[in-house]
Peer 1: 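Handing you a structure now.
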Amino acid sequence: MTADHQSSRHVRARAEIDLDALRANVRTLRARVAPGGARLMAVVKSDAYGHGMVPVARAARAAGADWLGTATPHEALALRAAGDEGPLMCWLWTPGDPWDAGIEAGLDMAVSAPWALAEVTAAARRTGRAARIQLKADTGLGRNGCQPADWPELVGAALAAQAAGEVLVTGLWSHFACADEPGHPSIAAQLDVFREMVAYAEKAGVEPEVRHIANSAAALTLPEAHFDLVRAGIATYGIAPSPELGTAAELGLRPVMTLSASVALVKRVPEGHGVSYGHTYHTDRETTLGLVPLGYADGIPRHASGRGPVRVGGTGPWRRVAGRVAMDQFVVDLGGDTVPPGARAVLFGPGDGGEPTVEDWAEASDTIAYEIVTRISGRVPRVYLNE
Ligand SMILES: *Cc1c(COP(=O)(O)O)cnc(C)c1O
């Protein structure tokens, strides 16, 4: 493919990924948890929250991320295939998943239940190598993890497998339900349960390399939850975990992704003209419409119909999605202004150039910023800046 061909892929729309910003966020987060002695895991699951897993993982390691974390083993194995060699954990295992490959790849593998311990010990016997496992406690989230009542049995079975040379219990860990709502009573309750479950396991003979419970929100607001390691996902990408925690700028973070498109058509239409499917929008005077070639197949939420903000041409007020977001395109009312076809329409970016942020899109779509970035689809090319 020629260079021209390459760049023509980026004309319609692109998601620029500023790796300088990503590295700065990693350094900021690391400095934030280092005084208490904790290390930083950069969470790169779900294609690095839509930013592109392999380039992000490389940049995060270069900036000092001590660990990387993924949800599925397939994601972690893809990182190993791309050459990553550092501490790497994955936590979402399903019966039949590739435990053998995980052992060979030196992954830290989460175990929440007896079925997982049975599969991982069988894999250890097949490969002839001890598996690195991290036991997950359900301290109150009610999602994955082992209930306190079942903990003694799981810890006992893991220690027996360790004595048999099948596993090494490298970690004890858990996950918060409401860390993004500072002061929520479940936070202190989960911390108490975590301390008790860790104490039980240690008394029984587990000597973990790492104990961890903090996500981005807890990394930013709750030093007593840092333990040996924090798992930072959303903050790594320069996005605030929730509006309650402040803006990215207030948290010292720099947004990494800028999503933009080239305006494909600009035209004058009369007053009373319906716009897009269902005619949920009608022009209230003669005006100009701009066509933005991004739609719900690119991950633009259809829920943002009539609301999503866009900065067109680098000046002027934010325009709003006029009418419905379609599969491949949406329209903005330019209020009589014109821009040349090909003008840049920025949906979200760092915000300091006057453009909307991902948080603005989350609000306009009745969702969280996490969902906005992770849903940007593979049809939108990622363009890496400052590699
Ligand atoms: C996704 C995830 C994280 C990262 O959460 P953020 O809120 O993005 O920091 C941490 N731990 C687990 C278990 C996760 O699934």
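Atoms within each ligand, like the ligands themselves, are counted from 1 in listed order.
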Peer 1: Considering only the protein, which heavy-atom contact is closest to atom 9 (O) of ligand 1, and what is its distance?
Peer 2: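 Minimum-distance protein heavy atom for atom 9 (O) of ligand 1 reads Ser216 OG, 2.5 Å.
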
Peer 1: Can you name the atoms of ligand 1, numbered from 1 with element, that are less than 4.0 Å from a heavy atom of Trp173?
Peer 2: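 Counting atoms of ligand 1 from 1, those under 4.0 Å from Trp173 are 13 (C).
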
Peer 1: Salt bridge check: are Glu16 and Arg344 linked by an N-O gap of less than 4.0 Å?
Peer 2: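 A salt bridge is present here (some side-chain N lies under 4.0 Å from a carboxylate O).
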
Peer 1: Can Asp333 and Thr287 be counted as having a side-chain donor-acceptor contact under 3.5 angstrom?
Peer 2: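 Result is yes, a qualifying pair exists.
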
Peer 1: What's the shortest distance from atom 2 (C) of ligand 1 to any protein heavy atom, and which residue and atom give it?
Peer 2: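 The closest one turns out to be Lys45 NZ, 2.5 Å.
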
Peer 1: Side chain, backbone, both or neither: which part of His175 comes within less than 4.0 Å of ligand 1 when only heavy atoms are counted?
Peer 2: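 Within the 4.0 Å criterion, His175 contacts ligand 1 through side-chain atoms alone.
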
Peer 1: Between Arg125 and Asp100, does at least one N-O distance fall below 4.0 Å, as a salt bridge requires?
Peer 2: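 Between Asp100 and Arg125 there is no salt bridge, as every charged N stays at least 4.0 Å from the carboxylate O atoms.
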
Peer 1: Closest by any non-hydrogen atom to atom 4 (C) of ligand 1: pick that one out of Tyr370, Tyr237, Phe176, Tyr49.
Peer 2: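 Nearest heavy atom to atom 4 (C) of ligand 1 lies in Tyr49.
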
Peer 1: For the CD atom of Glu181 and the OG atom of Ser242, what is their distance to the nearest 0.5 Å?
Peer 2: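 So the CD of Glu181 and the OG of Ser242 are separated by 7.5 Å.
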
Peer 1: Distance check, rounded to the nearest 0.5 Å: Thr221 atom OG1 versus Glu244 atom CD?
Peer 2: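 Separation between the atoms: 11.0 Å.
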
Peer 1: Quick check: does Gly233 get an N/O under 3.5 Å from an N/O on ligand 1?
Peer 2: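 The answer is yes, given that Gly233 and ligand 1 share an N or O pair closer than 3.5 Å.
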
Peer 1: Number the atoms of ligand 1 from 1 as they appear, then name those within less than 4.0 Å of a heavy atom of Ile234, with their elements.
Peer 2: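 With Ile234 as reference, the close atoms of ligand 1 come out as 6 (P), 8 (O), 9 (O).
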
Peer 1: Can you sort out which atoms of ligand 1 are near Arg143, meaning under 4.0 Å from one of its heavy atoms?
Peer 2: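 Counting from 1, the qualifying ligand atoms are 15 (O).
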
Peer 1: At what distance, to the nearest 0.5 angstrom, does OG1 of Thr139 lie from CD of Gln147?
Peer 2: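 Between atom OG1 of Thr139 and atom CD of Gln147 there are 9.5 Å.
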
Peer 1: Between Glu119 and Trp99, do the side chains contain a donor N or O and an acceptor N or O under 3.5 Å apart?
Peer 2: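 Side-chain D/A pair, Trp99 to Glu119: present.
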
Peer 1: Could you identify the single nearest non-hydrogen protein atom to atom 11 (N) of ligand 1 and state the distance to 0.1 Å?
Peer 2: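 That would be Arg231 NE, 2.9 Å.
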
